[in-house]
**Student:** 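Just dropping this structure here.
Just so we're clear, the structure is a prediction, and the values are computed from it rather than from any experiment.
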Amino acid sequence: MFDLWRRFAAIILLIVVTVIIWGVVDAVTALALFSLVLLGLTIYHTYYLALLDLWFQRFNHSAFDPFTIPNVPKSFGVWGDVFIRLARFIRRYYRSRQSLSKALERLQRATSAMPEGIVILDEADRIEWCNPSAEQHLGLDLRLDIGQHVTHLVRQVQFVAYLTSGDYSKPLIIKQSRYEELVLLLQLVPYGDREKLLISRDITRFEKMEIMRRDFIANVSHELRTPLTVIGGFLETLLDEEIKDSEMEKRALILMNDQAKRMQHLVEDLLTLSKLENAQNILHEEEINIAELLQSLYQEAQSLSAGRHHIHLNLVSDAHLLGSVDELRSAFSNLISNAVRYTPDGGNISLSWTEEQGQGLFYVQDSGIGIGPEHIPRLAERFYRVDRSRSRETGGTGLGLAIVKHVLNRHQAHMEIISEVEKGSIFKVWFPAKRLIKNKGSHLTIHDTHAMPSNKTIPPLI
């Protein structure tokens, strides 16, 4: 505050002197003196403003060295202090800018050395910067493409839909056909003020390994099918003959036949799973009469149960479904056979088809042994078993729910599991509204409307 008043000391002194002269001499002399002093101050400040402008023009901001600031103009009074303080401020500013530039360069060198591609997108999804890996993965050229909208250069339909969806919780896998079938895993990471990082990773080698794994399983399963069929056929023939030397031989043949059938089922499930996982296997869709399909599966469930359970079929909706009848038959059959295998004799099993919340809903409800909550998230994993000994007794392959998961994914459906130990389970399959086909005027047969009490809700699995 004292420094501020010091700046006005000359003006105050001038006013005081002018008043004194006015009183001693006359007003004209006082005003003339006042005007001369003001003119001198104006010339003084104008001169140093011009020096300040020339001083700024001497800076080369593109290649500025904070240690070689141009000499401060010689000055005195207020402008001397201004020049000194301005020089100090500029030196601090450029030192800070130089430090930030070096940090940015180090960061760019580090990201340039990364095998993952990194693209910085602004709030309008325009390219601000990318590293060499991103240029190689996505066919970019930073010198030419900076400021371009990313979809002008990465034009795959899946990527455009992924970018506009706003849901970046899961990565996206795309193929760059122009770069020798390069397979990329892309992940968008929002940050800052609506900006994004686009991270790309080359997973071509892993994708080829996955294809080799699927082909290996499919080929081995296919090769095993024929010898197992032959072995099973001869075992059945031997079992039909009555000339057994001992009860031990007969029991051994029965066990061999059972295990051969189990291996055949395992091979069939492996082949089905390999077919579903094959990206070249296009989904052949048709209109499916779900009521007729479930009536057929109901008869198969009765045959599998052999009268040991009370099985009910509830057809509440007459809607048809758009999808693959063979794949949905396989998925529904797996859920139904699981209910039969894991429900004790005398238990209830309910098969239902209805509509809820505008979606198609198929569910299998049983009064079986139930499933602990710790097992539910892993049920769709291959060969995962809640109780291995019980699974061997019931003849399960451990691939049924994995097949169900892949079938539902291909139909944009999802499964919800509700279960409690010793109280039974409900396996609900939800189909999106776009797959429902209303079948007005059709005759609907309802075999039973038996309902069982619901259990506590477990989060969706698929």
**Student:** Are the side chains of Asp141 and Glu135 in touch, meaning some heavy atoms are under 4.5 Å apart?
**Tutor:**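 SC-SC contact between Asp141 and Glu135 confirmed.
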
**Student:** For Ser419 and Ile376, which heavy atoms make the closest approach, and how far apart are they?
**Tutor:**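 Answer, listing the atom of Ser419 first, then Ile376: CB-CD1, 4.3 Å.
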
**Student:** Are the side chains of Tyr342 and Asp366 in contact, using a 4.5 Å heavy-atom criterion?
**Tutor:**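 In short, these two side chains do not touch, never coming nearer than 4.5 Å.
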
**Student:** Tell me the closest heavy-atom pair linking Ala319 and Leu436, and the distance in Å.
**Tutor:**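 In terms of heavy atoms, the two residues are closest at CB-CD2, 4.4 Å.
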
**Student:** Kindly determine whether Asn334 and Leu401 satisfy side-chain contact (heavy atoms from CB on, under 4.5 Å), including the steps that lead there.
**Tutor:** CA-CA 7 Å; Asn334 272 302; Leu401 289 181; 5.9 Å; no

**Student:** What's the separation between atom CG in Leu322 and atom CZ in Arg435, rounded to the nearest 0.5 Å?
**Tutor:**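 The distance works out to 5.0 Å.
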
**Student:** What distance separates Leu186 CG from Ile174 CD1, expressed to the nearest 0.5 Å?
**Tutor:**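 These two atoms lie 4.5 Å from each other.
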
**Student:** Of all residues at least two apart in sequence or in a different chain, which pass the salt bridge (Lys or Arg N to Asp or Glu O under 4.0 Å) check with Glu292?
**Tutor:**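 For Glu292, no residue satisfies salt bridge (Lys or Arg N to Asp or Glu O under 4.0 Å) once neighbours in sequence are set aside.
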
**Student:** Less than 4.5 Å apart, any side-chain heavy atom of Val160 and any of Val157?
**Tutor:**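 In short, these two side chains do not touch, never coming nearer than 4.5 Å.
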
**Student:** Are Met415 and Leu379 packed together at the side-chain level, in the sense that at least one heavy-atom pair is separated by less than 4.5 angstrom?
**Tutor:**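 Met415 vs Leu379: side chains apart.
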
**Student:** Please check if atom CZ in Phe89 has more than 12 non-hydrogen atoms from other residues, nucleotides or ligands closer than 6.0 Å.
**Tutor:**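 12 or below, so no.
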
**Student:** I need the minimum non-hydrogen distance between Gly370 and Ser425, along with the two atoms involved.
**Tutor:**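 So the minimum-distance heavy-atom pair works out to CA-OG, 3.6 Å.
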
**Student:** Hey, does the side chain of Ser101 reach the backbone of Arg97 with a donor-acceptor pair shorter than 3.5 angstrom?
**Tutor:**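 At least one qualifying donor-acceptor pair exists.
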
**Student:** Taking atom CG of Leu142 and atom CH2 of Trp129, what is their separation to the nearest 0.5 Å?
**Tutor:**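 That separation rounds to 8.0 Å.
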
**Student:** So Val340 and Arg308, side-chain contact (heavy atoms from CB on, under 4.5 Å) or not? Walk me through it.
**Tutor:** CA-CA 9 Å; Val340 173; Arg308 294 180 292 111; 4.2 Å; yes

**Student:** Checking side-chain contact (heavy atoms from CB on, under 4.5 Å) against Ile127, which of Leu153, Leu138, Ile120 comes through?
**Tutor:**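 Filter result, single survivor: Leu153.
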
**Student:** If we only count heavy atoms from C-beta on, is the Ile288 to His320 side-chain gap below 4.5 Å?
**Tutor:**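 Sidechains of His320 and Ile288: no contact.
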
**Student:** Checking side chain to side chain donor-acceptor pair (under 3.5 Å) between Tyr298 and each of Gln295, Gln302, Glu300, which is the one that passes?
**Tutor:**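 For Tyr298, the side chain to side chain donor-acceptor pair (under 3.5 Å) check succeeds only for Gln302.
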
**Student:** Counting C-beta onward and ignoring hydrogens, is there a side-chain heavy-atom pair between Arg329 and Ser296 closer than 4.5 Å?
**Tutor:**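 When only atoms from C-beta onward are counted, Ser296 and Arg329 do touch, with a gap below 4.5 Å.
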
**Student:** Does Gln187 offer a backbone N or O that forms a donor-acceptor pair with the side chain of Tyr162 under 3.5 Å?
**Tutor:**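 No, the answer is negative, given that no donor and acceptor are paired below the 3.5 Å cut-off.
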
**Student:** List the atom of Ala380, the atom of Lys405, and the distance in Å for their closest heavy-atom pair.
**Tutor:**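 Closest approach of Ala380 to Lys405: CB-CD, 3.8 Å.
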
**Student:** Sort out for me which residue in Leu315, Leu361, Ile426, Asn314 forms a side-chain contact (heavy atoms from CB on, under 4.5 Å) with Ser352.
**Tutor:**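 Single side-chain contact (heavy atoms from CB on, under 4.5 Å) partner of Ser352 among Leu315, Leu361, Ile426, Asn314: Asn314.
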
**Student:** Test your reading of the model: is there a side-chain donor-acceptor pair from Asn348 to the backbone of Ser367, 3.5 Å cut-off?
**Tutor:**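 No; zero donor-acceptor contacts below 3.5 Å.
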
**Student:** Quick one: CZ on Arg194 to CG on Leu121, what's the gap to the nearest 0.5 Å?
**Tutor:**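 Going from the CZ atom of Arg194 to the CG atom of Leu121 covers 13.5 Å.
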
**Student:** Quick check on the 6.0 Å ring-centre criterion: do Phe362 and Phe427 meet it?
**Tutor:**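 No.
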
**Student:** Could you tell me whether Glu356 and Lys428 have a side-chain N and a carboxylate O separated by less than 4.0 Å?
**Tutor:**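 Looking at Glu356 and Lys428, the cut-off is not met.
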
**Student:** Please report the closest heavy-atom contact between Ser200 and Ala134, naming both atoms and the distance.
**Tutor:**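 Nearest pair, atom of Ser200 first, then Ala134: OG-CA, 4.4 Å.
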
**Student:** Apply side-chain contact (heavy atoms from CB on, under 4.5 Å) to the pair Val429 and Leu335, showing each step before the final yes or no.
**Tutor:** CA-CA 10 Å; Val429 176; Leu335 294 177; 3.8 Å; yes

**Student:** If every non-hydrogen atom of Thr204 is compared with every non-hydrogen atom of Val183, which pair is closest and at what distance?
**Tutor:**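 In this case the closest contact between Thr204 and Val183 is OG1-N, 2.9 Å.
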
**Student:** So, does Thr343 use its side chain to make a donor-acceptor pair with the main chain of Ala339 at under 3.5 Å?
**Tutor:**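 Such a contact is found between Thr343 side chain and Ala339 backbone.
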
**Student:** Within the side chain of Trp353, is there an N or O that forms a donor-acceptor pair under 3.5 Å with the backbone of Gly360?
**Tutor:**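 No.
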
**Student:** Val364 vs Phe332, test: side-chain contact (heavy atoms from CB on, under 4.5 Å). Steps then yes/no.
**Tutor:** CA-CA 9 Å; Val364 180; Phe332 291 172; over 6 Å; no

**Student:** Check the orientation of Phe431 and His411. Use parallel for under 30°, tilted for 30 to 60°, and perpendicular for over 60°.
**Tutor:**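 If you compare the ring of Phe431 with that of His411, the planes turn out perpendicular.
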
**Student:** In Å and rounded to the nearest 0.5 Å, what is the CG to NE2 distance from Leu351 to His312?
**Tutor:**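 The NE2 atom of His312 is 9.5 Å from CG of Leu351, to the nearest 0.5 Å.
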
**Student:** Is there any salt bridge (charged side-chain N to carboxylate O under 4.0 Å, His left out) pair reaching into residues 153-167, and which pairs are they, with sequence neighbours excluded?
**Tutor:**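 Salt bridge (charged side-chain N to carboxylate O under 4.0 Å, His left out) check on residues 153-167 returns no pairs.
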
**Student:** Answer with yes or no whether the side chains of Thr151 and Asp125 bring together a donor and an acceptor at under 3.5 Å.
**Tutor:**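 The answer is no; no qualifying pair exists.
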
**Student:** Could you state the interatomic distance from CD1 (Ile173) to CG (Leu184), rounded to the nearest 0.5 Å?
**Tutor:**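 Going from CD1 on Ile173 over to CG on Leu184, the span is 10.0 Å.
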
